[in-house]
Every structure is written in C-alpha cells, then in structure tokens.
Enquirer: 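This is the structure I want to talk about, given as structure tokens.
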Amino acid sequence: MNGSSNHSVLGLVELSDSQTSAGYHSCNSLRVIRDVFEDRLKGWVRAKDQWRLLNNNRVCVILKDIGSQGELELAAAKLGRIFEEPHFHMGRAMPIAVTAGFAEISSSGRDMKLAMQQAGLALNQAKKSRRLFDVYSDQCNSNNSDERELVSRLEAALEVGELQLYYQPKVHAAFHTLIGAEALMRWHTSGGQVITPDRFIEVAERNEVIKPMTRWAIKSAVGRLARWPEELSIAVNVSPKLLLEDDIPAVVRDALEIYGVRAQRLNLEVTESIMMDNQEVMLEQLARLREIGVKISIDDFGTGFSSLAYFRDLPVDEIKIDKSFVLRMLESEKDMAIVKAVIDLAHNFSMKVVAEGVETKEIAEHLADLRCDVLQGYFFDKPLPAEQFVQHYRL
Ligand code: C2E
Ligand code: CA
Ligand code: CA
C-alpha cells in the first residue's frame, strides 16, 4: 500500500472447517457459514464498509479508508480473533478456519474485477502457506506461475510416462496373508528423482490435471489386476474432483471390460471430508459405482466431521481408520478409544475396517485383538514398485 492517502481495499474472506487441510468444505461447514459468518463478521466490519456473501463459503468485503498496510494488518488480526472460538453446532464444537486475501482497489475504483482476481490470488497464497491472510503483491503472481509450471510439468510427466503406481500390501489382520494392495502414485523425473505425492497431489487437485491423472491411475491399476492372482484386490485413491465427473463410472467400467477384470477386485478410496461436500451428488455417484460392483472405502476416517446420520446412508464397503489414530493408539487412551469405536461402528454397519499406518508388531497384534479386518503399514512393507511387489510376494 503506498502513499499517505486513504484507499479502499477489497478482501475475500473464506471459512473452512479447520480439520480439512485441502480446502474442501463440508455441508456442515457450508451451513455454518450462514449461521456464523454473518454474525461474526458484523463484529468485524465497520458501518462504512460493504460486504456481500458470495455463493460459496466466501465473503467479499470492501474496507473503506485504509490508510496504511499496518492498519490493514490490524483489521486482519481482529478478523482472526473473531473466528478463534469454535462454533457449536448441534452440541458439537466445530473449529473454524478463516483465511483472507486482500487487494487494493485502484483510486478510480473502476477495476473491481482486477481487485477480485488479485484478492483471490492473495487468498490462495495465504491458504497454501497456512497464514491468516495475505495482501496481493507481484509475488503472488509469481507463486501462481510456479503452480502453473508444476501443473504443466505434471501434464508432461503423464504424457511421457513419468508417473508410476507403487503398491503397498494390505494384509489379513489375523493371518497376515496378502489380500491386496493400495496403489500410491510416485513421480520419477527425468533427472532421476522420485517425488512423493505430498509434493504434487495438492496442486494437481487444485487444477484440472488431477482428472487425467486419476483416470490414468484407475486404468493402470486395473491393468495390473489383470496380471495378478484372482484373489487379490487393488485400491486406488480417487480425487474428489473426479468423483464429481459424470464419466467416472464409464471410465471404471471400460477399464474393467478392456482388461477382463472382476469389478469386486477394484477398490476406490475417497476421503471422508469430501463425503460431506455436495453430499447428494457424491452419494449418487458412489451408488452408481457400486452398481458396477467396485468396492468403496472411506479413507482417512476420523479426521473430518462425520455425523452418524450421514454414516447410516453411506453406500460404502470399507472404512480406513486414519493413520494418525493408529500410530498413537498404544500411547494415547483417546486414540485407542477412537480406534475401538470406529471398528465397532463399521462392523455394526457390516463394513470392513482397515487400519493404516501399522508400524509395529504390538500395534498389529492389538488391532487383530480388536477384530480389525485388514492391516496396512510399514510393519508389513512400504509402498513398492510393481516389479518388486511381484517378486517379494511371488505373484
Ligand atoms: P493416503 O491415501 O492416506 O495413503 C497412505 C499414505 O501413508 C501413503 O503415503 C503411505 O506411503 C503412507 N504410509 C503407509 N504406511 C505407513 C506407516 O506405517 N506409517 C506412516 N507414517 N505412513 C505410512 P504417500 O504414498 O506419500 O501418499 C500420500 C497421500 O497422497 C495419500 O494418502 C493420498 O491421499 C495421496 N495419493 C497418493 N497416490 C494418489 C493417487 O494416485 N491419487 C490421488 N488422488 N491421491 C493419491
Ligand atoms: Ca488412501
Ligand atoms: Ca489414508
């Protein structure tokens, strides 16, 4: 912000449930917006400011007469304080994360569209670096171009076959016999590096490139299944963005047909957080996939806002307890209680339970005692390239 004269600043403020890092918004949090946003924002904006609820979980505000960057920072800090307290929804505390992006409105006040775009870039930047807010600068543009570059490199990687699926075994909890594997993506760059998904999946999911990537993963995994023994299954992580695409059941059906693979051997993993977004569309799409015969798993279970009401109607076959609970279950009574509760809940709904992140023998034994069905984790193996997996398990 330059000069001493006062400027108007456009702010985009976004609410999300603070437990889903990737920026997905559950139905619950969408509902919270109506309840909470208006209420709390009234305590933030001044009478002379203007604000408007946008149709997603964002609010556009115009802060008038902002004299300096420091003044804007104070306003942003106050915004953070206002949302510090969790919101209580039907007796449950829902922690709320608020993020904002600001951009100066040109003195003529004409170019609102530009200010909107710039505030959007600043908001993305703040979310990426997990800051409360950012103010638009040329830096935002260059970070955005970093992201664009990564996306084009990913597109090229897909094209030239630099993406690979690694396979991590899933074993029977009581007998430790192999029942299948989870396919996990790795990027082998031309420079000889192996890049893990934490470095590219989030960016891919923010962009369209996740769609061809996931389609490729499904086809590639089904192709692998055709060469593996009939009793083994493979789980593929499906991006929420792809699940909303109409053609996904067709992609799955075609792959199974081309390779002549039984649908029951393919498992699609979707995260819990996304189950609560666009709930109706998601449930329909999952039901359509289950009609084909593929199995559906809820991944990272326990990390989102589940309500038992939604659980009741969930067309899924398997629950994967998030590794954060499994890793700590022997040290933390609370984590142990969650693991037990999830196993009982799933069994009551005739679902199977997979524990991921099993790193020790003790944890594996304990989970078997608790009647968990399937185990996955470093204690058995890390994700392996397909050839190594085949050799190791003598397929
Ligand atoms: P996820 O689906 O929860 O996958 C499990 C992650 O836990 C994997 O990390 C796996 O290597 C790691 N893991 C397995 N056993 C253990 C253990 O005993 N201890 C610990 N601490 N970690 C363990 P990875 O391969 O780095 O994948 C990270 C995430 O990236 C995955 O989490 C998934 O969300 C995403 N991802 C991976 N491949 C794909 C893909 O093909 N498509 C999509 N959409 N997402 C993918
Ligand atoms: Ca997974
Ligand atoms: Ca998981």
Side-chain angles (χ1 to χ4, degrees), residues 22 147-171 178-229 232-243 245 248 251-252 254-256 258-261 265-271 294-295 297 299-300 320 323 354 356-358 374 376-395:
E147 178 156 328
R148 272 201 302 273
E149 197 201 313
L150 182 60
V151 169
S152 2
R153 283 181 57 211
L154 269 174
E155 283 163 351
L158 191 58
E159 196 80 1
V160 302
E162 284 180 3
L163 297 183
Q164 275 191 26
L165 291 180
Y166 276 35
Y167 293 90
Q168 185 176 36
K170 286 167 84 174
V171 306
L178 185 70
I179 60 159
E182 175 174 6
L184 294 156
M185 214 178 275
R186 297 291 181 267
W187 179 1
H188 286 246
T189 67
S190 50
Q193 264 181 303
V194 182
I195 307 182
T196 50
D198 51 309
R199 307 246 317 267
F200 60 84
I201 286 288
E202 207 181 311
V203 169
E205 290 196 334
R206 269 203 297 270
N207 293 277
E208 293 295 298
V209 68
I210 193 65
K211 294 179 183 172
M213 281 167 70
T214 316
R215 291 191 183 104
W216 167 80
I218 291 173
K219 286 181 198 151
S220 174
V222 173
R224 192 63 64 187
L225 273 172
R227 283 174 276 163
W228 282 8
L232 298 183
S233 62
I234 292 181
V236 179
N237 292 283
V238 176
S239 148
K241 208 166 185 170
L242 199 80
L243 206 61
E245 294 283 294
I248 170 85
V251 170
V252 169
D254 288 353
L256 293 168
I258 289 168
Y259 290 104
V261 167
R265 298 177 63 201
L266 179 66
N267 201 315
L268 302 179
E269 293 191 4
V270 290
T271 55
V294 299
K295 305 275 187 216
S297 302
D299 205 358
D300 304 340
K320 294 189 84 172
K323 57 176 175 285
V354 183
E356 59 175 22
V358 178
V374 178
Q376 180 185 345
Y378 297 160
F379 174 63
F380 301 99
D381 243 325
K382 58 182 199 293
L384 299 170
E387 307 71 46
Q388 240 170 288
F389 190 93
V390 166
Q391 265 178 11
H392 194 269
Y393 291 92
R394 301 171 199 277
L395 303 185

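Keep in mind the model is a prediction, meaning the values are calculated, not measured. The figures that follow rest on heavy atoms only: side chains count, while hydrogens, waters and symmetry mates do not.
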Enquirer: I want to check something: taking the side chain as every heavy atom from C-beta on, are Gln193 and Trp187 in contact at a cut-off of under 4.5 Å?
Expert: no
Enquirer: Looking only at the side chains, is there a donor atom on one of Asp300 and Thr271 sitting less than 3.5 Å from an acceptor on the other?
Expert: no
Enquirer: Rounded to the nearest 0.5 Å, what separates atom CG in Asn207 from atom CD in Glu155?
Expert: 8.5 Å
Enquirer: Could you tell me which non-hydrogen atom of Asn237 sits nearest to which non-hydrogen atom of Ala183, and how far apart they are?
Expert: ND2-O, 3.4 Å
Enquirer: May I have the list of side-chain donor-acceptor pairs in residues 163-171 shorter than 3.5 Å, sequence neighbours left out?
Expert:
| unit_1 | atom_1 | unit_2 | atom_2 | d |
| --- | --- | --- | --- | --- |
| Tyr166 | OH | His188 | NE2 | 2.9 |
| Gln168 | OE1 | Gln376 | NE2 | 2.8 |
| Gln168 | NE2 | Asp381 | O | 3.0 |
| Lys170 | NZ | Glu318 | OE2 | 3.3 |

Enquirer: For Pro197 and Met185, work out which heavy atoms get closest and say how close.
Expert: CD-O, 3.2 Å
Enquirer: Take Val374 and Ile179 through the side chain to side chain contact (heavy atoms under 4.5 Å, CB included) test and state the conclusion after the steps.
Expert: CA-CA 8 Å; Val374 178; Ile179 60 159; 3.5 Å; yes
Enquirer: Is there a side-chain contact between Val252 and Leu266 (heavy atoms, below 4.5 Å)?
Expert: yes
Enquirer: Can you find a heavy atom in the side chain of Leu154 that is under 4.5 Å from one in the side chain of Phe200?
Expert: yes
Enquirer: Which value, rounded to the nearest 0.5 Å, describes the distance between Arg394 atom CZ and Leu178 atom CG?
Expert: 13.0 Å
Enquirer: Can you tell me how far apart OG (Ser297) and CD (Glu356) are? Round to the nearest 0.5 Å.
Expert: 10.0 Å
Enquirer: Anything under 3.5 Å between a donor and an acceptor, one on a side chain of residues 210-221, the other on a protein residue two or more places apart or in another chain? List them.
Expert:
| unit_1 | atom_1 | unit_2 | atom_2 | d |
| --- | --- | --- | --- | --- |
| Lys211 | NZ | Glu208 | OE1 | 2.9 |
| Lys211 | NZ | Glu245 | OE2 | 2.9 |
| Thr214 | OG1 | Ile210 | O | 2.6 |
| Arg215 | NE | Asp247 | OD2 | 3.4 |
| Arg215 | NH2 | Asp247 | OD1 | 3.4 |
| Arg215 | NH2 | Asp247 | OD2 | 3.2 |

Enquirer: Drop me the distance from Glu202's CD to Leu150's CG, to the nearest 0.5 angstrom.
Expert: 11.0 Å
Enquirer: Rounded to the nearest 0.5 Å, how far apart are CZ of Arg186 and CD of Glu162?
Expert: 15.5 Å
Enquirer: Please find out if less than 6.0 Å separates the ring center of Phe389 from that of Trp228.
Expert: yes
Enquirer: Ignoring hydrogens and geometry, is there a side-chain-to-backbone donor-acceptor pair from Arg265 to Leu225 under 3.5 Å?
Expert: yes
Enquirer: Rounded to the nearest 0.5 Å, what's the gap from CG on Leu184 to CG on Leu384? Could you check?
Expert: 10.5 Å
Enquirer: Is there a side chain to side chain contact (heavy atoms under 4.5 Å, CB included) between Asn267 and Val236? Walk through the geometry before answering.
Expert: CA-CA 6 Å; Asn267 201 315; Val236 179; over 6 Å; no
